Engineer: 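The structure that follows is given in the form of structure tokens.
Values below: every heavy atom of this structure, side chains too, minus hydrogens, waters and symmetry copies. All values reported here derive from a predicted model rather than from experimental measurement. Numbers restart at 1 for each chain; the letters A, B, ... are given by sequence-line order, proteins then strands.
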Amino acid sequence: MEVIPAQAQEPAYLKGLNPEQRTAVLATEGAVMVIAGAGSGKTRVIATRIAHIIAQRLARLHEILAVTFTNKAAREMRSRVESLLNTDLGTMWISTFHSFCARVLRHEIKHIPPFNSNFSIFDRDDQLALIRRIIKSSPEDGVNPNIPPPSYFIHKISLAKNHMITPQDYIATTPQEHFVAAAYPLYQEALASSNSLDFDDLLLYTVKLLADNQAVREHYAGMFRYILVDEYQDTNQPQFRLLRYLESVHGNICVVGDPDQSIYRFRGADTANVEAFLRTHQNAGVQILPLSQNYRSTQPILDAANELIVPGRTLDVNKRLWTDRRGGNKPRLVLTADEREEAYFVAGVLQQALKAGMSLRNAVVLYRTHAQSRALEEAFRKKELPYLIVGGLRFYERKEIKDALAYLRIVSNPLDEISLERIINVPPRGAGNTTLEKLREIAKMRGIPLAVALESIKDIPRVADKSKKSVTKLGELIAKKHEELESKNAGELAREILEQSGYLAWLGEQEEEEQTRLENVWELIAAAEEEPVSLPDFLATVALVTDADQIDSEAGVVSLMTLHTAKGLEFDLVIIVGLEENLLPHAQSSGVEDLAEERRLFYVGMTRARKDLVLTCAARRAFMGMWGPSVPSRFLADIGAENLQILELPRTYSDEYAFYDRERRYSGRRHY
DNA sequence: GGGCGTGTATTTTTT
DNA sequence: ATACACGCCC
């Protein structure tokens, strides 16, 4: 790498930065908080900062830790730094919190018995399956009608973990939740005996490791000379603690965030971390550096966004965003009769933009809930607009992919009973509930894993010979492939397991419709074969894929996604649908804090727009099959009519929807 | 042990 | 409205 003398000549990577950005890049030492307004060039600042640290030889590649919000953001950050420095970053630590923890734990979890490095990562479905089993084992199951649904347990347990409340302490802090209090320790024990961690555990066990193990703590804290954290406003308590340990030796930590864009309170993110950071670093002379010039949006869009967000602010660290991009259209607001008309209107806007020369990849449709995508999909299909739904039914959540992954997981981690139960009878092996129960008994009696007990099925009376044979074969296959975990890579193992278990053949025999399923599984195998990694590493990567990661800006395809998923992205044309009370703000978000978060969510959506912003609102909407009237969102009133261009729906729409009369169309009007 | 029918919950947002 | 879970019957 070429070294540039510090003073002689300004490094090329600093060119084009504004004074605020330059200050943020150069303030490498000590504690720094960058308050980065939407579209203020935050990513560029972080990438340049990393490049600067490396170019000035303040640290070597592996001595820098950068944490981003999504894996996609991590990849982008990596490639930006690589192009700034014209070098390969290799295995530099740029990742999400969860991926970072998975990577650390892969090496260190042996210090936390009974876990070993092949641990499984449980997603929501796995968590639900596990908690269902626990509920079933309770004597009250089926007797007490007040037992909450499994999802309630998972939610409450996750909340407890985010606040670092242990199973032992839970009942004392939350005495009214006695069902959860009873299940929580059982849930943790079941995870441990399965050598499995849920998403929250990845963070918690890493914190625990750093807290309890001095050698490990000194190793990591000593290694990272510089730490950078993006989207800091959405960190939670375990993440805060994690950073405290990691920064403890060198003290060079830069957090970048925007309290106005904090939208993950519901999953434990704590904006108090912003204040806590300032407080805990006061003695270290923490610097607060704002980025307030917006390079993304036009002034009318920013004006509207500012009007929306200012009434909801609680911290006053943020500045009013400004831009020198003059001109541009005011955000357009349209009232439609119902969600169908709304969908057709959106399709029309996209077709118009298409005609005007815009590529559909530069447009996005945003909504509060996934369910809203349905009407849009229908309209887009009719109008032959190519679209891509981001999130919703994700690739890795499809049944056949989950089944295939369960095969891989049980081989990687034979203690993972949830995975084993998933596939023991897929394809049908004549092992139903009764047989499974007997196998569990054997495993318990002999103190062996369920996967090993499969080979003892021969000892169970009254099981068909055919069933015994195929179950024994499955047990042998799992054992054999598990032994090859180190000698073979993920691609090799995936292909062999899925072929030899008979899963692929069985899938191929299914109905014509199932053929896409077979293709999906082959796609998974291809993904495993892409790079020669170990099976546990591949599984960890797959488990931590986020919605935003799968956005590939295919040319000529418009993306549809939730407002949450849109965080960090930008588009020429942004269309936000469903600006109605009970949807945005959502009906379930009635508390003061909840409402503030809904407002920020809308703000995040608006500030994704570079050139054009379109807002829609329907007068009638169906919820769970029931139609009901809708009222425009209170947030529209906050933006103010003077900051919006309110459109009358063109005639063509009444042609398409002759059954609506104009009176009814505007019956939902309130503010305008 | 598997297939079909009825009943119920589902829609907040996600690593 | 629909998907999934559970229960009943073969």
Engineer: Honestly, is R620(A) close enough over W627(A), meaning NZ or CZ under 6.0 Å from the six-membered ring centre and within 45° of the axis?
Structural biologist: yes

Engineer: Regarding K156(A) and the six-membered ring of Y184(A), is the cationic atom NZ or CZ under 6.0 Å from the ring centre and inside 45° of its axis?
Structural biologist: no

Engineer: Mind checking the P distance from dT13(B) to dC4(C)? Whole angstroms is fine.
Structural biologist: 16 Å

Engineer: Reckon N425(A) touches a base, only the sugar-phosphate, or nothing at all at heavy-atom distances under 4.0 Å?
Structural biologist: sugar-phosphate

Engineer: Separation of R133(A) atom CZ from dA5(C) atom P, in whole Å?
Structural biologist: 16 Å

Engineer: Testing the basics here: between R265(A) and E597(A), what is the closest heavy-atom pair and its distance to 0.1 Å?
Structural biologist: CB-OE1, 2.7 Å

Engineer: Protein-nucleotides 11-15 of chain B N/O pairs closer than 3.5 Å?
Structural biologist:
| from | atom 1 | to | atom 2 | distance (Å) |
| --- | --- | --- | --- | --- |
| dT12(B) | O4' | H586(A) | NE2 | 3.4 |
| dT12(B) | O2 | R368(A) | NH1 | 3.2 |
| dT12(B) | O2 | R368(A) | NH2 | 2.1 |
| dT13(B) | OP1 | H370(A) | N | 2.8 |
| dT13(B) | O4' | R368(A) | NH1 | 3.1 |
| dT13(B) | O2 | R368(A) | NH2 | 3.1 |
| dT14(B) | OP1 | T562(A) | OG1 | 3.2 |
| dT14(B) | OP1 | T565(A) | OG1 | 3.3 |
| dT14(B) | OP2 | H370(A) | NE2 | 3.3 |
| dT15(B) | OP1 | D547(A) | N | 3.2 |
| dT15(B) | OP2 | R394(A) | NH1 | 3.1 |
| dT15(B) | O3' | H98(A) | ND1 | 3.2 |
| dT15(B) | O2 | H98(A) | NE2 | 3.3 |

Engineer: I need the NZ-C1' distance between K468(A) and dG1(B), as an integer number of Å.
Structural biologist: 16 Å

Engineer: Given atom CG of L128(A) and atom C1' of dA5(C), what is their separation to the nearest angstrom?
Structural biologist: 13 Å

Engineer: Within this structure, what is the NZ-to-P distance between K399(A) and dA3(C), rounded to whole angstrom?
Structural biologist: 11 Å

Engineer: Out of curiosity, L584(A) CG to F602(A) CZ, how far, rounded to the nearest 0.5 Å?
Structural biologist: 6.5 Å

Engineer: Quick check with a 6.0 Å cut-off and a 45 degree axis cone: is R267(A) positioned over the face of Y264(A)'s six-membered ring?
Structural biologist: yes

Engineer: State whether F153(A) and R132(A) meet the cation-pi test: NZ (Lys) or CZ (Arg) under 6.0 Å from the six-membered ring centroid, and within 45° of the perpendicular axis.
Structural biologist: no

Engineer: Between S467(A) and dG1(B), does any side-chain N or O lie under 4.0 Å from OP1 or OP2?
Structural biologist: no

